[in-house]
Amino acid sequence: MPSEVSFSPWTALPDIPLGQETSLAETLDGGQSFRWTKNPGYYEGRWADQVCRLRIRNGQLEWSRPATVQGPPAQAALRHYLAAETDFKRLTDELPWRSDPVLQAAIAAFPGLRILRQPFAETLFCFLCSSTKQIAQIKAICELVAQDQGAPLADGSHALPTWAQIAEAGEARLRAAKLGYRARFIHQTALFLQSNPGWLEATEVLPTGSARERLLQLPGVGRKIADCVLLFGAGRLEAFPIDTWVQKLLSRAYGLSDWNLAHLQDFARIHFGPNAGLAQQYLFAAARAGIIAA
DNA sequence: GCACAGGTAGATT
DNA sequence: AATCTACCTGTG
């Protein structure tokens, strides 16, 4: 009965400059996370054991949570999730937009865009679900798996399952959640993680290059998914996921039509620099919005 | 009916 | 090393 649960009064998050509707929408519901839904006047989302609503009022971000929740303030978890300590305005200014009109247009369209800091294990699961699926379908699949296998949350909805829960539940339950061929990869990954306790936690804190190498050992994890997990689930802003959208926009807007993925990775690192992943998110958003050619 | 969707792995050239 | 192709399922 999620809809019957009352929520706490709205509380402002004054130091997170996300005061524009399109940028909030793109940050929460633009493909970084698959656990947010748009409602009249607010977004509602879940991560770990958290349930949260976010809205913009008078150009300021505000949050609310189920009134029944006890314990430590949700604000700390929310600030971590939104990477409150990261100054995206400054990092954006350090991107090469002055000499790159495509990037400049993308940044102008989504001022305040942020890179989320989602739970590492959940990010891995969600992006293992994502291959050749549209965002709406990925969200539907994640919700099905959560309802089937995840722990109940404060409002009666469900968390995503842990990797241990997925390992126990088996591949058939994943197939039932319409995961198709992804079910085998996900279950194999779950079994690997089950037999290697601490492996994922250790991977998360490794330098980006070695963390990526380890993620690539997991069944179903290639370069794109590994980079998404590093960028959206570990705050590694140098990770530059190249999906079909990014490949197309690099091809058309940057004239790199005959470059293979490895060469495009090199281009991104050299051209966009240490925060290439942030540039990627601006460009991805702008391409999907039809603002730049893709 | 059929191509395509925020890919990956394994085979083939 | 570059280029197929199978893999599930929903959508247009």
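Proteins come first, then strands; the chains are lettered A, B, ... in the order of their sequence lines, and each starts at number 1.
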For a quick check of understanding: with a heavy-atom distance under 4.0 Å over all strands, which category does L128(A) fall into, base, sugar-phosphate or nothing? nothing
Nearest to the side chain of Y181(A) - dC7(C), dA9(B), dG6(B)? dC7(C)
Can you figure out which of dT9(C), dG6(B), dC8(C) approaches the side chain of Q281(A) most closely? dG6(B)
V246(A) near the nucleic acid: base, sugar-phosphate alone, or nothing, with a heavy-atom cut-off under 4.0 Å? nothing
Centre-to-centre under 6.0 Å for Y81(A) and W47(A), is that the case here? yes
Rounded to whole angstroms, how far apart are CG on L216(A) and C1' on dG7(B)? 12 Å
Find the distance L179(A):CG to dG10(C):P and express it as a whole number of Å. 11 Å
Stepwise, does the side chain to side chain contact (heavy atoms under 4.5 Å, CB included) test hold for Q281(A) with F232(A)? CA-CA 10 Å; Q281(A) 205 56 30; F232(A) 307 132; 3.2 Å; yes
E44(A) and its salt bridge (charged side-chain N to carboxylate O under 4.0 Å, His left out) partner, picked from R53(A), R55(A), R35(A): R53(A)
Which part of the nucleic acid, if any, lies within reach of F127(A) when heavy atoms closer than 4.0 Å are counted: base, sugar-phosphate only, or nothing? nothing
Separation between the P atoms of dA9(B) and dG10(C), rounded to whole Å: 24 Å
Watson-Crick or G-U wobble mate for dC8(C), both contacts under 3.5 Å: none
Is there, by distance only and without an angle test, a donor paired with an acceptor across the side chain of K133(A) and the base of dT9(C) below 3.5 Å? yes
For nucleotides dA2(C) and dG6(B), find the distance between their P atoms and express it as a whole number of Å. 26 Å
Send over the distance from Q134(A) CD to dT11(C) P, rounded to a whole Å. 9 Å
Can you measure D227(A) atom CG to dG7(B) atom P for me and round it to whole angstrom units? 14 Å
Indicate, with a heavy-atom threshold strictly under 4.0 Å, whether Q280(A) touches base, sugar-phosphate, or nothing. base
Identify whether any heavy atom of T132(A) sits under 4.0 Å from a base atom; if not, whether one sits that close to sugar-phosphate; answer base, sugar-phosphate or nothing. base
Using Watson-Crick or G-U wobble geometry with both distances below 3.5 Å, tell me the partner of dG6(B), or none. none
Residue-phosphate contact under 4.0 Å: K139(A) side-chain N/O, dA5(B) OP1/OP2: no
What is the ring orientation for Y181(A) with F185(A), classed by angle as parallel under 30°, tilted 30 to 60°, or perpendicular over 60°? perpendicular
What's the gap between dT9(C) and dG10(B) when it is taken at their C1' atoms, as a whole Å value? 22 Å
L215(A) CG to dT8(B) P: how many Å, rounded? 12 Å
Go through the steps to decide whether W97(A) and Y282(A) satisfy the test ring-ring contact (aromatic ring centres under 6.0 Å, His included), and finish with yes or no. CA-CA 11 Å; W97(A) 57 271; Y282(A) 281 114; over 10 Å; no
Using atom NE2 of H263(A) as one end and atom C1' of dA1(C) as the other, report the distance to the nearest whole Å. 10 Å
Counting only side-chain heavy atoms from C-beta out, which of dG6(B), dT9(C), dG7(B) sits nearest to F232(A)? dG6(B)
Look at all strands and tell whether I141(A) reaches a base, only sugar-phosphate, or nothing, counting heavy atoms closer than 4.0 Å. nothing
Grab the CZ-P distance between R184(A) and dC8(C) for me, whole Å please. 7 Å
Quick check for you: among dA5(B), dA2(C), dC7(C), whose closest atom lies nearest to any side-chain atom of N260(A)? dA2(C)
Give G31(A) one of three labels, base, sugar-phosphate or nothing, depending on what nucleic acid heavy atoms sit under 4.0 Å from its own. base
From dT9(C), dT11(C), dC8(C), pick the nucleotide closest to the side chain of R182(A)? dC8(C)
Distance (rounded to the nearest 0.5 Å) between R90(A) CZ and L95(A) CG: 11.0 Å
